[in-house]
Amino acid sequence: MPNPIEVINLARQRAGKVAALNVTVLGSPVCLLTAFVALELGQRSGQVWRRMGIALSSTAASRIRISLLALAGAGLMVTAWSSWRAYRQARDLKRLAARLDGEINAHQEILTFGEVIAGGTEAASTRSPLFPVLWQRVSEYLSSFDPAACFRINMPRLLARSALLTVTWLVLLFGSLILFSSSQRPPYYNEARRLAELANEIDKTTSSAQTQALARRLRAGARALLNPNTSDKEKLIQLTALRRELEQAEPGGTHAEKPQAKAAARAGGASAGQGSANQRGTGAGKQNQGQGEGGKGGEGRGLGKQRSAGAATEEQGLLEQARNELSKVEKQLETGTARQPKSATKIGDNNPQGQQRQTSGGQANVNPLRPGNQPVPAPENKEGTGSRRQQTARGEATPKAGAGTKNPGAGHGDTRLGETPASRAYARFYKPGEHGPALGIKDARYVTVSIPPAAEPAAGGKIIAGGAPSKAATPYANLPLPTGAVPANPQEQQLVPPRYRDLLR
Amino acid sequence: MGVAPRMTPAERAAEFREVFKRAQAEVGKVIVGNQATIRRVLSALFCGGHVLIEGVPGLGKTLMVKTVSDALGLSFKRIQFTPDLMPSDIVGTQVLVEEDGRREFQFKPGPIFAHIVLGDEINRATPKTQSAVLEAMEERQVTVFGNTYLLKPPFFVLATQNPIELEGTYPLPEAQMDRFIFKVVIAPPKPEELREILSRTTGVALSQVKAIFDPPHAPAQVERLKSLVREVMIAEPLERYVIAIVTSCTPGSAAAIPEATQYLRFGPSPRGAQALILGAKVNALLDGRVTVSYEDVEDVIVPALRHRLLLNFQAEAEGVSAETILDQIVKRLRRPRL
C-alpha cells in the first residue's frame, strides 16, 4: 500500500510542472513574437512601404519598437509570474486534493485527508480517532493512481491554443501598426511616395541597367527623404546629387529641347486635354484619336504612355517627372515648407496630385526656376481647335477651365510650385436634361454650372411668370352673427371653481 | 451484543454500520415500507437529536417509535398530549410518602425519564406543557420544585404531529420546532405495502423484534456509537457548503435565493447547520466512510431544514411549501471550488 502523502507529493510536483508549462507555452510565443516584430520593424517597414504604401517615420518606428520590446519584456515577466503562480496554485495541497477527489471520485475523502495533513504535526493531536481509517482508505484510492497519467501534458491541444492566441495577437498587432502608420505620415511623405512610384515605373519601363540603377537610387532618395533623423540640409544635398544624375542621364535636359518628353511628363500630371494640346503642338496626330475614344483624364498618364512615340520617350518622360519631383522637394527643403500629408493615402491613389488636376495644363505645377521646368510656350495654352470641349455625353468632353482657353490664374503664381499634377478621372458633369448617378464633387477646385435656356412655349402660347392665386371653390362671408342669436344673459355670472381660478388668472 | 472490547477505529466504524443496519432490519420487521423514515429516525437517534414525525393517524408512527426502542433495547415511555396535560404529568412531581412513621416528599419521575420518549400529538398540549418538554429536550434535565434531575442518556424524543384536525391544537412554537433535528413525514402505504401490513397484523404469527443490545448495556452502546458520529471528519469546504445552504434560505442575507426572500419570514438557525452536518456524518458512516461528502449533506437538507423555514403569508396563499424552496436551493447551489 503506498504512502498517500508521498503519492500526493508526487502529484503536486507533477501538477505544478504541468500548470507552469501550460502557462509558459501559452504566453511565451506571444511575447517572443512581439519582440521579433519589434526587432524586425525596421527591416520589414521597407517592404510594407513598397507593397502597401504605408511607412512609419523613424521616430515613430523607434518608439513603437521600444514599446513593443517593453511590452514583450513585460509580457515575459507576466508569463513567468503567471507560471510561477500556476505552479504554486497547482501545488497547493487542498486544491490538489480537491482535484484528485474529482479525478478519482473519492467523495471528498482525499480533500479531507489533504486538509488534515496540511495541518502538520501540530494538528496531529487534534486529529479525529478515525484518521487511521481515512489514511487506509486514501491509500487504497491512491494505490493505482498515476500522477503522470492524471496530469498529462496535452501538447497538441496546448500548442493549438497557443497558436490561436499568437495569431490573434499578431493580427491585432499588425492591424494596430497599420492603423497607426496610416494615421502618422512623416513630412515629405507624398513626395517620397511619388518618387518611389516613379522609380517603380522606371524600373518597369526600362531594361537598361543604368536606368535601373538610377531607379534604385531614386528609391533610396525617397527613403532618405522620409528619414527624420537626416537633416533637411543633408537631404537637400542628396537630392541635388540625385537630380544631377538624372539630368546627366537625360541628354538635352530641358523641356524646350524635348517636346515629346515634356508632353509625356505633362500628360502624366495634367489632364488629357492639356496633353492633347501639347501633342498638338508637336504635330502628333494620335492625340486626337485618343481624345475621341473617351478622353478619360484619370488615365492621362497611361494615355500619354500609349500615345508616346515609344518606350524611350516614356522613360524620358518618367525621368523628367522624377527630376521635377526632385526639384519640387529641393525647393521645399530650401524653404523649409514641408507639407504634412492631409490624409492617409496609398500608392496608386493619386488624390494629392489629383487636387491639381483641374489646374491649367500643368503649367502652374512646373517650377519655372528649375531647369527643365520652363513654362510651356504660349501657343500650347491658347485655344487650339476652337471646339475643344473635353467631354461630351459619352465621355467625350466636359468644359474644363484652362483646357482650351488660357488659365486666368496661371500667371498669378502657385502655391504648389513645382508639383506636377497627376491626372485622374475628373468629374464628369451632366448636360442639361441628362440624368444619371450623383456626381462626386468633393475636393473639386471649381464646378462649372450651365444654366439651362428658357423653355420655349409650346404651340405658340404665352408663358406668364408666376400665376394666379388659388381661390376657394365655396363662397363664404365673414359676417358677424345677428345679435338675437346669443341667448346668454350678459348679467349672469358663473362662479369659477376654486381649482380653476389660478389657471384663469 | 454486550460491551465491546477495545476496538480499532475501523472496527468501530464497521460496528456502527452493522448496528444501524440490524436496527433498520428489526424495525422493518414490524413497520412495512417507510424505510427512509426509519433510517432518518435512527440517524437522529445516533446524532443525539430529536425527531418530529408528521403523518395522518394510523400510519404507524407510535408503533415505529416503540419498535425502535425495542430493537435497541432502550426504555420507552409514551405521553399522549392533551389540552389538559400538565407539566408535572410529564416531568414528574413531589409526592408525600409516609415511611417508618415519617412523612416526606419524594420525587416521582414522570414519563420523560426514559431513553426514548414518544410525545404523541404534541401539538394538542398547551404551550405551558410543551415548554416543559423543551427543557428536557435541550438540556437533558428537568427541574421540579427547584431540584434538577438529569435524564439518563441516551435521551431521545420522538414527537408526532397530526396535520389534520387542527382545531383546539397549539401549533408548536418556532423555538420548539427548531429543537428537532429532523422532521420526517410518513407517507401513506402503497397498495403492496398495505397488503403486507394486513398480512402481518391480521394473521396468527406476529413479528417479534429482537433487541440488538442487552438492555442493561444498551444505553452505553448507543452512547458509544453516538460518539463515533462526532468523530467523523468534515473538510472546510464542506462546512462552507453547509453555511451556504443555510444562508441561501435566510431572507435578508446576501446569499439568499429569490424564493427565500419572497416566501420566507425567517430562515434556519445555526441548529439547522448543526443538523445538516450531523446527519451528513451519519450518512458518511453508513456509506463506509469517515469523512463527509457533498452528497451526504445534500441528502439531509430537506429533513433537517423543512421545519426551520417560516413561510410568510404570500407563500401560504400561493401554496408554496418549504420543500419547494429547499428543492430550489439544492438546484441552485454550487459546490465551492478551491
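Letters A, B, ... mirror the listed sequences (proteins, then strands); counts begin at 1.
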Heavy-atom contact with chain B under 4.5 Å, split by part of A:E115: side chain
Between B:T250 and B:T247, does a side-chain hydrogen bond (donor to acceptor under 3.5 Å, both in side chains) hold up when you go through it step by step? CA-CA 5 Å; B:T250 303; B:T247 53; over 6 Å; no
Please flag which part of B:I234 lies under 4.5 Å from any non-hydrogen atom of chain A: side chain, backbone, both or neither. backbone
Given that the side chain runs from C-beta out, which part of B:V292 has a heavy atom under 4.5 Å from chain A: side chain, backbone, both or neither? backbone
Near B:R140 CZ, under 6.0 Å, is it more than 12 heavy atoms from other residues, nucleotides or ligands? yes
Can you confirm whether more than 12 heavy atoms, excluding those of B:R230, are under 6.0 Å from its CZ atom? no
Min side-chain heavy-atom separation A:R152-A:N154 under 4.5 Å: no
